[in-house]
Number of protein chains: 2
Amino acid sequence: MAEDAQMGTDLTKNQQLVFDALSGADGPLSAYTILDLLRERGFRAPPQVYRALDKLVDIGLVHRLESLNAFVACRHPGCDTHEETIAFAICEDCGKVAEISDDALSDELGQIAGRSGFLLKKSTVELRGICGACRAA
Amino acid sequence: MAEDAQMGTDLTKNQQLVFDALSGADGPLSAYTILDLLRERGFRAPPQVYRALDKLVDIGLVHRLESLNAFVACRHPGCDTHEETIAFAICEDCGKVAEISDDALSDELGQIAGRSGFLLKKSTVELRGICGACRAA
DNA sequence: TGTCGGATGTTATAAGGTAACGTTTCTTGT
DNA sequence: ACAAGAAACGTTACCTTATAACATCCGACA
């Protein structure tokens, strides 16, 4: 029976380990970095990481940063409840990533797509630059 | 050479070959696909392709699609001003890529960055979905 | 003419990602 | 409870993408 269609899905052991690794990091991690972090917990090969990542991304608990080939735990509140466009601001100095949810941006992307008759499924928005903290430093 | 209609840029032989390969394609090409296409023209190894691509991307004649690990020749009208944000609409059906320049989008991204004190250097916007032609078909 | 820097050629290897297959472990219907 | 199917797991092997490092070639130019 479908007992939990809305609340946080239970993660499997591997998914939880990967998610914890990402949550504990203060920046994006590559799949192979995660693998190395989890070797002492029994991980031995890439598919174990990628399978967990695939699921976590699917659920919405983890985001993939296309321009970095890396992954971050979702820190946006209520991220698993709706699929809106999320932009990422990636600091090229400190490596940290800020997650930005912006309705005007979502609308704008929707309009751009609509104008060209494009059926939009997923948007990737990644901003590269220097974060406020690094600029101040 | 005579084929190069861009001002202020004279491409080397390898750069021209890579650019021509991309211009002749009707979709994005991976670096290794380009390598294969250019083997008969003397290309033998990845660095030859990547070096040319690096320069072409730098100049702005070629765009890198982060979510595909692939490259497209710039087809945006007035591409000689490469400072604006360009969005790509990638059709998951036919594989073609539309290049979209949109001031409202640029503004919006600038505002988002400014609001968080982020010094924006480069924006990556890639939309995945189904293009108009494929929807109609 | 020598030399200096950019472009090139080449080998080797790092880094990212997946196919395929067998086994284990959960579900679920009866 | 138990068989059967589904989902997750472990493992090997392999593919794709990208770069490091080093040698060479070639044109600009003092």
Side-chain angles (χ1 to χ4, degrees), chain A residues 1-5 8-22 25 27-59 61-72 90 95 124 126 128, chain B residues 1 4 8-22 25 27-59 61-72 90 92 95 124 126 128:
Chain A
M1 9 214 120
E3 41 176 316
D4 52 356
T9 316
D10 319 310
L11 301 180
T12 68
K13 177 166 146 282
N14 285 0
Q15 287 160 15
Q16 190 67 54
L17 286 167
V18 168
F19 182 70
D20 289 347
L22 284 170
L29 298 179
S30 77
Y32 277 71
T33 300
I34 295 171
L35 174 57
D36 287 339
L37 289 173
L38 295 180
R39 280 193 195 281
E40 56 193 6
R41 307 292 263 268
F43 274 47
R44 316 283 327 169
Q48 294 174 285
V49 177
Y50 281 105
R51 285 198 282 238
L53 285 171
D54 285 350
K55 193 68 197 301
L56 290 167
V57 168
D58 206 57
I59 294 171
L61 288 178
V62 165
H63 301 296
R64 177 194 180 94
L65 298 171
E66 303 285 356
S67 66
L68 294 177
N69 293 325
F71 301 83
V72 284
I90 302 167
T124 296
E126 298 180 14
R128 310 296 291 264
Chain B
M1 309 279 180
D4 184 7
T9 61
D10 66 314
L11 302 180
T12 67
K13 176 165 143 283
N14 285 0
Q15 287 160 14
Q16 190 67 54
L17 286 167
V18 168
F19 182 70
D20 289 347
L22 283 170
L29 298 179
S30 77
Y32 278 73
T33 301
I34 296 171
L35 175 57
D36 287 339
L37 289 173
L38 294 181
R39 280 193 195 281
E40 55 193 7
R41 308 292 271 268
F43 274 48
R44 314 284 322 165
Q48 295 172 285
V49 178
Y50 281 106
R51 284 197 284 239
L53 285 171
D54 284 349
K55 193 67 196 302
L56 290 167
V57 168
D58 207 56
I59 294 170
L61 289 179
V62 164
H63 300 295
R64 179 195 176 91
L65 298 171
E66 303 285 356
S67 66
L68 292 177
N69 293 324
F71 301 83
V72 285
I90 302 166
E92 293 179 337
T124 296
E126 298 180 15
R128 310 295 293 265

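Order of the sequence lines sets the chain letters (A, B, ...), proteins ahead of strands, with each chain counted from 1. Since the model is a prediction, treat every value here as computed from it, not as a measurement.
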Treating primed atoms plus P, OP1 and OP2 as sugar-phosphate and everything else as base, which nucleotides of nucleotides 17-25 of chain D get B, S or - for protein heavy atoms under 4.0 Å? BBBBB----
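As a whole-Å value, the separation of A:Asp10 CG from C:dC26 C1' is 12 Å. Protein atom CD of B:Gln16 is 12 Å distant from nucleotide atom P of C:dT8, rounded to whole Å. Between the CG atom of A:Leu29 and the C1' atom of C:dG16 there is a distance of 15 Å, rounded to whole Å. In this structure, CZ of A:Phe43 is placed 8 Å from P of D:dC9, rounded to the nearest angstrom. Rounded to a whole Å, the CG atom of B:Asp36 is 14 Å from the P atom of D:dC15. One atom, CG of A:Leu38, and another, C1' of D:dG10, lie 15 Å apart when rounded to the nearest Å. Here the C1' atom of nucleotide C:dT8 and the CG atom of B:Leu53 are 15 Å apart, to the nearest Å. Remark: P of C:dG17 and CG of A:Leu35 are 13 Å apart, rounded to the nearest angstrom.
In this structure, CG on B:Asp58 lies 8.0 Å from CG on B:Asp54, to the nearest 0.5 angstrom. The CD atom of A:Gln48 sits 7.5 Å away from the CG atom of A:Leu35 when rounded to the nearest 0.5 Å. A distance of 6.0 Å separates CG in A:Leu11 from CG in A:Leu56, rounded to the nearest 0.5 Å.
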Residue pair B:Phe43, B:Val18: steps toward the side chain to side chain contact (heavy atoms under 4.5 Å, CB included) verdict: CA-CA 10 Å; B:Phe43 274 48; B:Val18 168; 4.0 Å; yes
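Ion pairing of B:Arg64 with B:Glu66 is present here, as a side-chain N (NZ or NE/NH1/NH2) and a carboxylate O approach within less than 4.0 Å.
Put simply, A:Gln48 has no side-chain N or O that comes within less than 4.0 Å of OP1 or OP2 on D:dC9.
Put simply, the side chain of B:Gln16 never gets that close to the backbone of B:Lys13: no donor and acceptor are under 3.5 Å apart.
Mapping A:Lys55 and A:Gly42 onto DNA chain D by nearest heavy atom places A:Lys55 closer to the 5' end of the strand.
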